[in-house]
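To keep things clear, I will list the structure first and then write my remarks on it.
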Amino acid sequence: MRRTTGKLLAVAAVAGVLAGATGGTALADPPVPPNAADIVGVGSHTTGPLFGQLSTDYNAYLAGLGDTTSPRLHSWDATGSSPITPKSGAPVIARPSTAGAGLTALDTVPNGVDFARVDRAPQTGDLSTDLFVAFAKDAVTWAAKSGGHAPANLTTAQLKGIYECTVTNWQQVDPALPPAAIKPFLPQAGSGTRTFFLRAVGGGGTPIYPGPCVTTGPQENQGTDPVLNDPDVVFPYSVGHYVGQVYGGHFTPTDAPGPLTVRNLNGLAPVAVPTGTINAAFAASAYGRVLYDVVRQADWNAGDTRATALRKIFANAGWICRSVTAQADVRSYGFLLLPAAACGSSTHI
């Protein structure tokens with residue numbers, strides 16, 4: 001009989017309790033269209049809940065200073081009703097639900113979107129005029145249904161075979177596993193988690209191309225999607241988002257792991273179960289990634305009120321990198337802090 005590690009069983013137990021719960025920390029769009037001068041973001045679901053919290057806490061920080069004039073911070077969730085009006089005076093747009101869609105909105109709606117939440121590094125096709133500003137560390141692993149047919153561990157080579165459709169049955173992974181067809185899934189196109197995962201599995205920054213057995217579509221990091229409730233499903237998952245859901249209590253009826261548990265990769269556990277954090281060794285592997293907020297370089301360097309507001313929030317000396325409250329938010333939502341010198345550093349294509 002297939003055996004699982006004690007760590008995997010512990011994580012499965014926590015996730016099982018969570019999957020049966022009816023709610024947790026709610027996601028929240030801005031209560032009304034933000035003011036035209038406010039700093040407004042859209043994009044990746046991976047950091048969407050975190051930025052809802054950061055927005056609340058940053059605006060409370062300004063209020064505590066008696067500051068009634070500085071631009072406020074707002075972040076639109078990746079999921080919810082669509083279309084949206086990002087801020088007062090902006091055009092109505094389809095709600096961006098991925099990092100890619102967030103970047104598109106940043107580049108095409110300059111009077112409505114000031115930053116994009118992005119969970120991958122700059123890549124070919126991005127605009128050289130966009131500046132990727134680092135703020136936290138995450139990792140990506142694979143997930144499968146608790147009690148299903150998947151083993152506790154897969155290697156990069158096995159994942160590559162699964163997603164290229166050369167490994168299609170669990171007995172090709174291990175003859176002791178059931179003779180069942182593997183069902184690989186990927187998040188929707190434009191997902192930063194999807195992009196990063198395919199590159200990590202490909203190795204050396206070269207992405208693999210999913211084979212015909214792969215199904216595309218579920219929102220990243222939402223194990224509650226009914227199509228994933230299958231004993232043979234394999235699905236990429238943000239380790240930080242999972243930690244925030246399971247250990248931080250930041251989940252809703254739809255934004256939760258559901259029956260999925262994150263699994264080991266190349267023999268490394270993604271979660272340090274005793275502390276309920278991303279395993280530092282896993283984050284240091286090829287499956288660790290930096291999370292970014294992307295702004296227009298022209299805005300960042302303009303020297304005007306918007307530039308000042310952007311830098312007060314995102315720069316190395318800004319609120320997200322230096323505030324004890326912001327750092328606590330990052331940890332509570334499952335992510336790792338970057339070294340002090342790296343937070344707020346920037347890069348572009």
Side-chain angles (χ1 to χ4, degrees), residues 11 14-15 18 21 23-30 41-61 73-80 98-99 102 115-120 133-141 143 191-193 196 219-224 236-258 260 262 270-273 275-280 282-283 288-293 313-314 318-338 342-344:
V11 172
V14 175
L18 187 152
T25 303
L27 302 178
D29 283 332
V42 296
S44 170
H45 175 258
T46 296
T47 55
L50 167 60
F51 263 86
Q53 187 65 57
L54 290 172
S55 297
T56 296
D57 290 341
Y58 179 71
N59 297 338
Y61 160 75
L73 176 64
H74 296 286
S75 179
W76 288 90
D77 298 330
T79 59
T98 64
F115 71 97
R117 304 184 305 268
V118 174
D119 48 358
R120 61 162 176 78
V133 184
F135 80 93
K137 188 73 183 284
D138 187 21
V140 175
T141 190
S191 160
T193 295
F196 176 85
Q219 175 65 255
E220 61 184 11
N221 312 314
Q222 289 192 351
T224 53
Y237 218 96
S238 158
V239 182
H241 198 98
Y242 181 88
V243 167
Q245 290 170 329
V246 174
Y247 295 95
H250 303 298
F251 64 93
T252 70
T254 56
D255 184 19
L260 303 185
V262 293
V271 178
V273 174
T275 57
T277 59
I278 299 174
N279 180 1
F282 194 92
R289 63 175 174 178
V290 175
L291 302 173
Y292 298 91
D293 299 305
I313 297 168
F314 301 116
W319 185 81
I320 288 177
C321 291
R322 299 297 177 178
S323 165
V324 172
T325 298
Q327 292 176 351
D329 288 344
V330 170
R331 289 192 294 263
S332 177
Y333 280 79
F335 305 107
L336 300 177
L337 300 178
L338 290 173
C343 187

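Just so you know, these numbers use all the heavy atoms, side chains as well, and skip hydrogens, waters and symmetry mates.
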With distance as the sole test, does His45 use its side chain to make a donor-acceptor pair with the main-chain N or O of Glu220 at under 3.5 Å?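 Side chain of His45 to backbone of Glu220, a donor-acceptor pair under 3.5 Å: yes, one is there.
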Is a side-chain donor or acceptor of Asp255 paired with a backbone partner of Phe251 at a separation under 3.5 angstrom?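 Absent.
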Using the test side chain to side chain donor-acceptor pair (under 3.5 Å), find all partners of [X] that sit at least two apart in sequence or belong to another chain.
X      : answer
Ser323 : Trp319
Asp57  : Gln53
Asn221 : Thr46
Ser75  : Arg117

Minimum heavy-atom separation for [X] to [Y], with atom names?
X      : Y      : answer
Gly334 : Val243 : CA-CG1, 3.7 Å
Val330 : Ala136 : CG1-CB, 4.0 Å
Cys321 : Gln327 : O-NE2, 3.0 Å
Ala78  : Gly43  : CB-O, 3.4 Å
Pro236 : Thr193 : CB-CG2, 4.3 Å
Asp77  : Asp29  : N-OD1, 2.9 Å

For Arg289, check salt bridge (charged side-chain N to carboxylate O under 4.0 Å, His left out) against everything at least two apart and list the hits.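 With sequence neighbours excluded, Arg289 shows a salt bridge (charged side-chain N to carboxylate O under 4.0 Å, His left out) to Asp119, Asp138, given in chain and number order.
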In Å and rounded to the nearest 0.5 Å, what is the [atom1] to [atom2] distance from [X] to [Y]?
X      : Y      : atom1 : atom2 : result
Leu50  : Ser55  : CG    : OG    : 9.0 Å
Asp293 : Ser44  : CG    : OG    : 10.0 Å
Leu291 : Arg120 : CG    : CZ    : 12.5 Å

Are any of the side-chain heavy atoms of [X] and [Y] separated by less than 4.5 Å?
X      : Y      : result
Phe335 : Thr277 : no
Thr325 : Tyr61  : no
Tyr237 : Val140 : no
Asn59  : His74  : yes
Val246 : Pro257 : yes
Tyr292 : Val133 : no
Val262 : Val271 : yes

Quick one: side-chain contact (heavy atoms from CB on, under 4.5 Å) partners of [X], sequence neighbours excluded?
X      : answer
Thr224 : Gln222, Thr254, Ala256
Ala116 : Leu103, Leu106, Val118, Val294
Leu338 : Ala134, Lys137, Val290, Ala342, Cys343

Go through the side-chain N and O atoms of His250 and Ser332 and say whether any donor and acceptor fall under 3.5 Å apart. yes
Short side-chain donor-acceptor distance under 3.5 Å, Gln219 and Ser191: no
Pairing residues for Phe314 by the ring-ring contact (aromatic ring centres under 6.0 Å, His included) criterion, not counting sequence neighbours: Phe115
Phe135: which residues meet the ring-ring contact (aromatic ring centres under 6.0 Å, His included) condition with it, sequence neighbours left out?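 Per chain and number, Phe135 pairs via ring-ring contact (aromatic ring centres under 6.0 Å, His included) with Phe51.
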